[in-house]
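Comments concern the structure below.
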Amino acid sequence: MRRRLPGGARLHLEAGAFAGWARPLGVGAAAVLAWRGAPFAVTVLTAAVATGVLRAFGVP
């Protein structure tokens, strides 16, 4: 039987291994905007752009 992980732990895993720093940093940027009360669309786009830019610069 496969062990189920909490949602926060699954966020950082891809194929059972650590997904790299770009994903959690993108989520962190979005979390800051959500905490500050930014609109949902801005928050989601910020997470995507931040993750994409980090990966473009070679951050795994």
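Just the heavy atoms: all of them, side chains too, but no hydrogens, waters or symmetry mates, feed the values below.
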For residues 20-53, the ring-ring contact (aromatic ring centres under 6.0 Å, His included) pairs (sequence neighbours left out) are Phe18-Trp21
For Val32, the other hydrophobic cluster members (4.5 Å side-chain criterion, sorted by chain and number) are none
Show me, pair by pair, the donor-acceptor contacts under 3.5 angstrom made by side chains of residues 42-52, not counting sequence neighbours?
unit_1	atom_1	unit_2	atom_2	d
Thr43	OG1	Pro39	O	3.0
Thr46	OG1	Val42	O	2.7
Thr51	OG1	Ala47	O	2.9

